[in-house]
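Keep in mind that the numbers below use all heavy atoms, side chains included, and drop hydrogens, waters and symmetry copies.
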Amino acid sequence: MAAPLPCYHCGLPVPAGSHFQARVLGETRALCCPGCQAVAEAIVAGGLESYYQHRSDTSVNPGALPRALTEELELYDRPDVQQPFVAHEGELARTALHIEGISCAACGWLIERHLKALPAVEDASLNLSNHRLQVRWDDARLPLSELLAQIRRIGYAAHPYQPDEAAARMARENRRAVRQLGVAGLLWMQVMMASMATWPEFNLDLSPGMDRILRWVSLFLTTPIVFYCCTDFFKGALRDLRTRHLTMDVSVSLAIGGAYVAGIWSTVTARGELYFDAVGMFALFLLAGRYLERRARERTAAATAQLVNLLPASCLRLDASGDSERVLLAELKPGDRVLVPPGALIPADGRILEGLSSVDESVLTGEYLPLPKGPGDTVTGGTLNVEGPLTLAVEALGDESRLSAIVRLLERAQADKPRLAELADRVAQWFLVVVLVAAVVVGLVWWQLDAGRAFWIVLALLVATCPCALSLATPTALTTATGSLHRLGLLVTRGHVLEGLNHIDTVVFDKTGTLTEGRLTLREIRPLGGELSADACLALAAALENRSEHPIARAFGRAPEAAEHVENVPGFGLEGRVSQRQLRIGQPAFVASLADRESPPTPNEPGQWLLLGDREGPLAWFVLDDQVREDAPALLEVCRRQGWSTVLLSGDSSPMVAEVGRQLGIGRVAGGLTPADKLAELARLQQAGKRVLMVGDGVNDVPVLAAADISVAMGSATDLAKTSADAVLLSNRLESLAQAFVMARRSRRIIVENLVWASLYNGLVLPFAAVGWVTPMWAALGMSASSLLVVLNALRLART
Amino acid sequence: MAALYVMIPIAVIIVALAIWLFFWAVDSGQYDDLEGPAHSILFDDEDPRHQAGIDEAERSTDGDDERKT
């Protein structure tokens with residue numbers, strides 16, 4: 001079979017026999033699904049088809065975007081809901097939206113142009129670094145929900161973005177950091193010109209008056225650098241001294257403060273060396289390093305904000321007469337009756353009053369098969385209703401619900417998280433102690449030899465050994481490595497991950513959704529001796545399941561033709577007609593009853609067994625199960641080679657757990673665990689002195705993710721799991737995790753190299769400074785060369 | 001050397017101006033997005049006003065050519 005054609009819009013393979021297509025750029029293009037077709041047509045209709053010429057990456061499949069019902073979006077039109085994020089300026093409303101689905105720069109152009117073409121929109125501008133869209137529009141002519149729907153029409157999802165306190169502070173600090181950096185840069189260059197003129201190396205033959213003026217000018221220009229740009233270093237040093245820690249901030253402050261105070265002295269007395277340019281250079285290098293680090297952090301923060309869906313949770317409440325009304329979850333009270341359509345999340349803990357369906361509880365329990373539920377059964381908020389509509393009586397909300405019990409467990413777990421000491425801070429401590437001891441010894445020796453020079457020698461020593469390269473060593477390496485990992489699909493959200501990965505000795509996996517795909521896939525078709533081949537049976541089954549939203553249906557793939565008169569019998573299966581043939585698929589008894597026969601015995605093997613049959617009798621068995629991810633064996637192999645012990649902790653109590661463990665060769669396997677059991681299991685490992693990496697995805701993994709030394713959540717995980725983990729595997733490929741281990745080792749090597757080089761430079765320069773050979777020029781040269789070397793070395797991590 | 005007595009104060013004033021200008025640029029959000037503007041220039045070709053400008057320029061050069069021949 002030839003390789004399937006990629007969809008022109010999203011790049012996914014086009015299923016055989018697909019008739020979805022659109023005319024783009026003068027040619028008819030094959031598309032994979034109705035979603036892509038609608039988006040491509042909307043883009044062409046808007047006259048924006050040159051988007052396809054300019055994009056550097058395929059677009060995101062509209063089916064992969066979070067779904068939102070029109071009536072859910074309409075909630076945004078309620079003034080009380082939109083009040084926190086929509087501001088009004090005269091006739092125009094202004095809001096910030098968070099856009100999902102941006103794959104390249106052309107997307108920004110497409111969104112801006114599409115919105116600006118709407119008559120009610122006054123202005124739209126997208127920030128490509130944080131995917132935030134600022135819109136000003138006339139909301140009397142175009143309600144917010146319609147604006148969101150317009151963005152969705154061209155293939156992106158938009159959520160109102162509510163800048164929380166943390167984000168607003170980050171934006172403020174970001175601008176302050178840019179200002180400090182700019183001021184340091186501008187003033188340093190001026191200071192350099194003024195103070196370099198006084199250096200004897202340039203031999204300018206200044207008149208004493210001119211020398212005095214230049215000293216005063218450089219003092220005047222250096223003062224803002226010290227008091228405006230370097231405040232954070234001094235504050236940090238003060239904080240660390242109070243908690244009795246010697247950190248990098250302390251040595252930085254000492255070098256800057258010392259050089260500045262000595263500079264004042266030499267300006268007033270018009271004698272001695274001037275180190276103002278060293279202050280400026282030191283400040284600029286450090287601020288630039290911290291600014292780059294901040295930008296990397298901000299990008300992660302933006303990507304994390306994207307992980308949390310901001311749609312206010314809503315549900316359909318039934319009133320006394322049985323009419324449904326969409327209300328916010330916050331307005332729901334215990335005792336209310338709620339209608340949950342198939343495919344929707346169950347809003348609260350409750351008891352089923354009416355309806356038959358199955359409920360997917362995998363996020364809570366790790367069970368991979370939906371459980372059948374009927375009247376009288378209890379259901380849990382946050383789980384997914386799969387088949388038929390359910391009417392619930394709400395029993396518990398907020399703090400009393402089962403989900404919030406897990407969140408409480410999470411808070412406890414977070415407090416117990418072990419802290420890993422950072423290498424750079426340990427080095428900084430030693431460094432500071434050595435420099436201070438050396439300064440005191442050298443000072444005392446010179447005091448005996450030549451009391452007049454002692455002060456200047458000690459000062460030169462402090463400036464020459466200032467830890468510029470040392471303090472750039474770690475942040476530059478970590479920033480570059482984090483960027484490379486982001487490109488590989490691993491988003492690192494907490495700082496200790498890269499260093500910590502090198503200390504791991506145990507890896508704990510979750511099963512459903514982590515080591516396995518987390519969705520049902522077709523494993524086998526067994527025709528029952530009829531005239532039909534396996535492929536023909538599959539075509540019939542796919543036609544029957546074509547319209548269904550059930551996770552089982554998705555396992556059959558997209559069929560080119562759909563069955564007619566399809567009827568869903570929740571808990572039993574589907575019935576419908578395919579080319580004049582009455583068919584049933586589902587529970588064996590239900591299918592066999594169509595032909596008035598006894599159902600054949602279900603084979604005694606794990607998996608979900610479905611029977612397909614017509615009026616003549618059963619046709620074929622279909623076996624569905626949750627399959628192990630393709631790249632899981634490779635990851636386990638990497639773990640084994642590292643000599644790590646592997647553990648599988650699953651909430652699923654089915655024999656699948658042991659089967660997956662055996663298949664992948666996992667050391668210890670435990671199934672049927674509650675979230676609290678998992679946490680206890682982890683605590684036992686940690687008490688035995690193990691350093692644990694946890695990989696998981698469900699809500700039931702959340703406490704363990706929070707407590708593990710390092711945790712990674714899958715990109716398809718629940719919001720709660722993603723926000724409580726230290727890193728998110730956006731690509732969902734376990735392979736990226738194996739690459740992250742390599743990257744962690746490489747970045748540790750680079751950090752060590754950097755630290756060794758920086759210490760070596762400082763160690764070498766110390767004796768020269770001690771005998772009084774280091775002038776401001778040599779200090780400046782050495783400092784910039786060693787810093788440059790460290791930064792270039794760190795940049796090697798950008799190559800993947 | 002005497003010129004320096006004038007030049008140095010001027011230099012200081014220019015630096016002050018540059019810093020003021022820089023603060024203004026930061027506050028008006030010009031440093032908030034460091035990626036988007038680098039790409040947006042590529043899409044200028046799609047701007048109808050730019051297209052109209054090119055058409056007009058071509059028409060006027062065509063006109064010049066005709067007059068010459």
Residue, of Ala106(A), Gly108(A), Gly209(A), Ser125(A), that accumulates the most heavy atom pairs under 4.5 Å with chain B:
Ala106(A)
Just do the ring pair (Phe, Tyr, Trp, His ring centres under 6.0 Å) check on Tyr31(B) and Phe22(B) with the steps written out, would you?
CA-CA 10 Å; Tyr31(B) 286 85; Phe22(B) 176 68; 5.6 Å; yes
Spell out, as yes or no, whether a donor-acceptor pair under 3.5 Å connects the side chain of Trp188(A) to the backbone of Asp277(A).
yes
Is it the side chain or the backbone of Asn127(A) that comes within 4.5 Å of chain B heavy atoms, both, or neither?
both
Which atoms of Leu126(A) are under 4.5 Å from chain B, going by heavy atoms: the side chain, the backbone, both sets, or neither?
backbone
Heavy-atom proximity to chain A below 4.5 Å, by part of Val26(B)
both
Under 4.5 Å from any heavy atom of chain A - which part of Ile8(B):
side chain
Can you say whether Val217(A) sits under 4.5 Å from chain B via the side chain, the backbone, both, or neither, judging by heavy atoms?
side chain
Residue Tyr228(A) excluded, over 12 heavy atoms near OH under 6.0 Å
yes
Looking only at heavy atoms, the pair that brings Ile225(A) and Ala184(A) closest together is CD1-O, 4.2 Å
Counting heavy atoms not belonging to Glu89(A), are there more than 12 under 6.0 Å from its CD?
yes
